[in-house]
*Asks:* 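Below you'll find the structure I mean.
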Amino acid sequence: MSWAFLRDLLSGVNRYSTGIGRIWVAVVFIFRLLVYVAAAESIWKYEHDEFECNIKQPGCENVCFDHFFPVSHVRLWALQLIMVSTPSLLVVFHVAYRENREKQHHQKLYKSPGEIDGGLLCTYLISLILKTGFEVVFLILFYKLYNGFRVPRLVKCDVRPCPNTVDCYISKPTEKMIFLHFLVATSCLCIVLNLSELSYLICKYSTKCDLKRYTEN
């Protein structure tokens, strides 16, 4: 899978972000995107081929794998990365709209099209709420699908067409567990950064509005 579009998107958003937003971009790009591409993707590359059960009953191994891994970890992470990054497109589109509007009117309508104020502030806040929401939803989804943030060495399966309860073994469970905890930790860090930036912007512009109202009175 090519991640060039996501990389370009994060680079573009970085121009319009606050200091906390730039830290978020760095965390997503370095600790999530690069780790995913460089290491995590290869660890789960042959997860189905390396999943073994102590029985050769036709179909048993396949249904057991599907039962314990209804969605591949690595594909769910890829979807998570895409979903938490795309709300930033709202900010990029809003800035592009401002720039296009200035070209159409042939005059300066904004102090700076990329300055976070007015309508762009609302768009930015909505993007932060969406990113935080997606992060939380995917963490809950991971927890529900895999019965917690863990990778067991041995799972017992009694799903038909298995004739009885069979033992199935997951390859490289310790390595997978380390990366799972790392990616969950970075996801939690991104939630904290998003909430911090949301609080910072709300406090900053609330204070600005109060001072403006006070000076006018």
Side-chain angles (χ1 to χ4, degrees), residues 1-47 69 71-96 112 114-116 120-121 123-143 145-146 148-151 171-202 204:
M1 180 177 182
S2 174
W3 293 97
F5 170 74
L6 192 58
R7 180 198 61 205
D8 294 340
L9 169 61
L10 293 174
S11 299
V13 171
N14 202 38
R15 291 185 295 165
Y16 314 120
S17 298
T18 64
I20 301 173
R22 292 189 180 95
I23 295 173
W24 178 86
V25 171
V27 170
V28 171
F29 185 73
I30 297 172
F31 295 106
R32 298 181 75 174
L33 183 57
L34 290 184
V35 168
Y36 174 89
V37 173
E41 194 172 22
S42 61
I43 293 172
W44 273 269
K45 191 174 184 179
Y46 303 106
E47 57 182 328
F69 298 98
V71 181
S72 169
H73 280 82
V74 74
R75 291 185 183 92
L76 201 56
W77 280 328
L79 182 60
Q80 181 185 21
L81 270 173
I82 293 168
M83 293 301 291
V84 300
S85 301
T86 47
S88 299
L89 278 172
L90 294 173
V91 178
V92 176
F93 288 154
H94 197 129
V95 174
S112 171
E115 185 178 345
I116 304 175
L120 185 58
L121 173 63
T123 302
Y124 199 95
L125 293 177
I126 290 170
S127 73
L128 288 174
I129 293 168
L130 287 175
K131 286 189 286 188
T132 305
F134 283 134
E135 293 280 17
V136 173
V137 167
F138 273 95
L139 283 177
I140 294 171
L141 192 60
F142 268 108
Y143 191 87
L145 283 175
Y146 305 116
F149 304 116
R150 61 189 184 85
V151 181
S171 66
K172 298 176 285 189
T174 304
E175 190 174 20
K176 288 177 179 178
M177 180 90 80
I178 291 170
F179 275 95
L180 177 61
H181 287 169
F182 178 80
L183 291 169
V184 168
T186 53
S187 184
C188 291
L189 175 59
C190 286
I191 291 173
V192 171
L193 289 171
N194 286 331
L195 292 175
S196 299
E197 188 174 18
L198 190 65
S199 302
Y200 165 74
L201 287 172
I202 291 173
K204 177 182 177 181

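The chain is numbered in sequence order, starting from 1.
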*Asks:* For residues V84 and C190, determine if any side-chain heavy atom of one lies less than 4.5 Å from a side-chain heavy atom of the other.
*Replies:* no
*Asks:* Given side chains that start at C-beta, do those of L79 and V71 come closer than 4.5 Å, heavy atoms only?
*Replies:* no
*Asks:* Heavy atoms only: give me the nearest S127-P87 pair and the separation to one decimal.
*Replies:*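 The pair with the smallest heavy-atom distance is CB-O, 3.4 Å.
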*Asks:* Judged by atom type as modelled, is there a donor-acceptor pair below 3.5 Å linking the side chain of S187 to the main-chain atoms of L183?
*Replies:* no
*Asks:* Give a yes or no on this: more than 12 heavy atoms of other residues, nucleotides or ligands lie within 6.0 Å of atom CZ of F149.
*Replies:* yes
*Asks:* Let me confirm one number: the OG1-CD1 distance from T186 to I191, rounded to the nearest 0.5 Å.
*Replies:*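 That separation rounds to 10.0 Å.
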*Asks:* To the nearest 0.5 Å, what is the distance between CG (L90) and CG (L125)?
*Replies:*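 Atom-to-atom, L90:CG and L125:CG are 12.0 Å apart.
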*Asks:* Going by heavy atoms in the side chains, are L145 and L76 under 4.5 Å from each other?
*Replies:* yes
*Asks:* Please report the interatomic distance OG(S196) to CG(L201), rounded to the nearest 0.5 Å.
*Replies:* 11.0 Å
*Asks:* May I have the step-by-step check of side-chain contact (heavy atoms from CB on, under 4.5 Å) for V136 and I140, ending in yes or no?
*Replies:* CA-CA 6 Å; V136 173; I140 294 171; 3.9 Å; yes
*Asks:* Measuring only between side-chain heavy atoms, which start at C-beta, is Q80 closer than 4.5 Å to E135?
*Replies:* yes
*Asks:* Give the ring-plane orientation class for H73 versus Y146, where under 30° counts as parallel, over 60° as perpendicular and anything between as tilted.
*Replies:*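 The rings of H73 and Y146 lie parallel, inter-plane angle below 30°.
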*Asks:* Rounded to the nearest 0.5 Å, how far does OH of Y124 lie from OG of S88?
*Replies:*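 That separation rounds to 7.5 Å.
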*Asks:* Could you measure the distance from the CD1 atom of I82 to the CZ atom of F134? Nearest 0.5 Å is fine.
*Replies:*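 That separation rounds to 12.0 Å.
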*Asks:* Any side-chain heavy atom of W77 within less than 4.5 Å of one from L180?
*Replies:*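 Yes, close enough: below the 4.5 Å cut-off.
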*Asks:* Going from OG1 on T123 to CG on L128, what distance comes out if it is rounded to the nearest 0.5 angstrom?
*Replies:* 11.0 Å
